2 protein chains.
Amino acid sequence: MIRVVVADDHPIVRSGIVGLLSSADDIEVVGEASDGVEAVALATQLAPDVVLMDLRMPGLGGAEATAQLAAARPDVRVLILTTYESDENILTAIEAGASGYLLKAAPQEEILAGLRSVARGEVALAPSIAALLVNRMREPAKVTLSDRETQVLALVAEGNSNRKIAAALFVSEATVKTHLIHVFEKLDVKDRTRAVTKAMELGLLPRSR
Amino acid sequence: MIRVVVADDHPIVRSGIVGLLSSADDIEVVGEASDGVEAVALATQLAPDVVLMDLRMPGLGGAEATAQLAAARPDVRVLILTTYESDENILTAIEAGASGYLLKAAPQEEILAGLRSVARGEVALAPSIAALLVNRMREPAKVTLSDRETQVLALVAEGNSNRKIAAALFVSEATVKTHLIHVFEKLDVKDRTRAVTKAMELGLLPRSR
DNA sequence: AGGTCCATCAACCGATCGGTTGATGCGAGG
DNA sequence: CCTCGCATCAACCGATCGGTTGATGGACCT
């Protein structure tokens with residue numbers, strides 16, 4: 001019998017999950033949580049075989065909750081179940097200790113199969129997530145900008161000229177230009193506009209709003 | 001007895017919804033659809049009182065399906081049920097004829113109450129959605145860019161110079177500059193970079209990825 | 001010690017941008 | 001018919017950008 005805690009902030013979704021698991025002879029739902037904090041507390045107390053965890057929850061999200069569980073209860077496995085393939089969060093969740101990552105869009109049999117794999121100590125990845133992981137492994141080293149470079153670029157994104165940026169940061173225009181040249185090199189771009197859009201794509205600049 | 005068709009592309013979510021509705025004495029689920037096309041076909045055939053419609057579905061989305069249903073079956077009411085408050089789609093869905101818009105995060109009693117309101121011919125809006133609508137009514141007229149302006153700006157966002165854009169679009173550089181001047185006026189910005197970021201914020205340019 | 005990264009700065013110059021002023025023509029709607 | 005929005009184009013000019021070449025100094029690591 002696989003003992004499971006279900007964590008999802010949407011009551012209607014949680015009831016769908018619980019309904020599915022309860023219909024399986026070898027699975028018992030021993031607890032339900034509506035956020036990360038509750039999930040960690042419940043799983044620590046009840047020591048289920050698997051926590052079925054939504055990735056996006058208010059307050060403590062699924063990835064952070066997974067990390068906390070890994071520390072408090074390394075014997076409890078976590079299967080992430082989420083709506084979208086958001087590749088920004090996949091590595092985070094897996095690095096945090098999750099044993100699997102499935103999509104809510106998956107057929108119900110596939111979710112049950114994934115859960116059973118994870119309970120057996122295996123890894124369960126939706127095929128599309130596995131493909132994203134493989135692609136990620138092939139990517140070049142992650143680009144980083146210095147704090148000052150990021151600061152200058154953010155002001156560029158707001159439409160400021162080099163002269164205005166220099167005044168705002170109490171440096172010379174030459175300094176601003178030098179930072180920008182460095183940014184262009186790191187991002188492999190040729191102009192400020194593309195530098196801004198690429199930095200946003202890479203998550204190096206916030207996409208305001 | 002309120003007869004309902006449920007349309008959601010996630011099997012696990014759909015079973016949660018169906019489970020909730022089936023537990024109510026006055027509600028009968030007469031059909032389930034996993035996309036917009038299926039929802040329209042089922043509702044046209046079965047003529048339920050209400051279609052409970054997910055907003056984001058592959059192929060024909062909830063808003064388009066609602067519009068088609070309004071044309072084919074004006075007697076059938078639509079209650080949109082979705083994950084996020086995405087204000088880009090609210091007006092679209094309501095303009096298309098939806099009688100309500102609720103969040104999946106809502107307590108189950110609230111979803112049932114909303115469904116009953118809609119079945120009675122009333123409007124059911126989650127409080128947060130009502131607030132968004134009120135704010136929307138207060139906003140200044142929406143900025144729009146012509147197709148050509150949008151095209152030029154998208155190429156700017158990719159780091160192309162005016163000269164390159166002119167070559168790509170088979171026009172002169174003067175034409176490109178004129179389009180950009182117009183874009184700057186409409187968006188009330190002073191340079192191309194800010195034009196790009198502001199257009200993205202306003203949803204006039206896609207935020208690639 | 002040396003090397004790397006980061007922050008700062010200068011001068012010069014060609015390329016590009018943005019503004020200005022003017023123009024034409026087309027299509028849609030009243 | 002007129003008006004409006006859109007697309008197209010030119011020339012000129014000042015402002016700004018981006019590249020180049022060089023430099024200093026500090027912090028951190030080996």
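For clarity, every value in this text was computed on a predicted model and none was experimentally measured.
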- When you check the phosphate oxygens OP1 and OP2 of dT8(D), does a side-chain N or O of Thr175(B) lie under 4.0 Å from one of them? no
- Query: Side chain of Ala174(B): nearest nucleotide among dC6(C), dC9(D), dC17(D)?
  - Reply: dC9(D)
- Query: How close or far is atom C1' of dG5(D) from atom CD of Glu149(B), stated in whole angstroms?
  - Reply: 10 Å
- Between C1' of dT16(C) and CG of Asp191(A), the distance in whole Å: 10 Å
- Atom NZ of Lys190(B) and atom C1' of dA15(D) are separated, to the nearest Å, by 14 Å
- Task: Answer yes or no: is there a donor N or O on one side and an acceptor on the other, between the side chain of Asn160(B) and the main chain of Leu155(B), under 3.5 Å?
- Result: yes
- Check against side chain to side chain contact (heavy atoms under 4.5 Å, CB included), Ile17(A) and Val13(A): CA-CA 6 Å; Ile17(A) 298 170; Val13(A) 175; 4.0 Å; yes
- Are the side chains of Leu79(B) and Leu81(B) in touch, meaning some heavy atoms are under 4.5 Å apart? no
- Query: Choosing from dG19(D), dT8(D), dG19(C), which nucleotide comes nearest the side chain of Val171(B)?
  - Reply: dT8(D)
- Message: Please compare His182(A) and Lys177(A) by the position of their nearest nucleotide in DNA chain C and report the one closer to 5'.
- Response: His182(A)
- Message: Output the rounded distance in Å from CZ (Arg192(B)) to P (dC17(C)).
- Response: 5 Å
- Evaluate the criterion salt bridge (Lys or Arg N to Asp or Glu O under 4.0 Å) for residue pair Asp54(A) and Lys104(A); output intermediate values, then yes/no. CA-CA 9 Å; Asp54(A) 189 25; Lys104(A) 282 175 186 168; 3.5 Å; yes
- Query: Taking the side chain of Arg148(B) as heavy atoms from C-beta outward, which of dG18(C), dT8(D), dT16(C) is closest to it?
  - Reply: dT8(D)
- Task: Starting at atom CD of Glu185(A), determine the distance to atom C1' of dC6(C), rounded to an integer number of angstrom.
- Result: 13 Å
- Just one of Val5(B), Ile2(B), Val6(B) clears the side chain to side chain contact (heavy atoms under 4.5 Å, CB included) bar with Val29(B), so which one? Val6(B)
- Item | Under-3.5 Å donor-acceptor pair between Ser146(A) side chain and dC5(C) base | no
- Query: Of all the choices, dA7(C), dT20(C), dA7(D), which nucleotide is nearest to the side chain of Ile181(B) once you look at every atom?
  - Reply: dT20(C)
- Message: Check this for me: does the side-chain of Ser161(B) come within 3.5 Å of the base of dC17(C) through a donor and an acceptor?
- Response: no
- Task: Using a heavy-atom cut-off of under 4.0 Å over every strand shown, decide if Lys164(B) touches base, sugar-phosphate, or nothing.
- Result: nothing
- Note on the structure: Rounded to whole Å, the CD-P distance (Glu173(B) to dA11(D)) equals 12 Å
- Task: Please state how far atom CG in Leu180(B) lies from atom C1' in dA7(D), giving the value in whole angstrom units.
- Result: 14 Å
- Task: Look at the side-chain N and O atoms of Ser172(A) and state whether any lies under 4.0 Å from the OP1 or OP2 oxygen of dA10(C).
- Result: yes
- Indicate whether OP1 or OP2 belonging to dC17(D) is found under 4.0 Å from a side-chain N or O atom of Asn162(A). yes
- Note on the structure: When rounded to whole Å, the CG to P distance for the pair Asp147(B) and dG5(D) reads 16 Å
- Message: Taking the nucleotide of DNA chain D with the nearest heavy atom to each, does Thr193(A) or Thr178(B) sit closer to the 5' end?
- Response: Thr178(B)
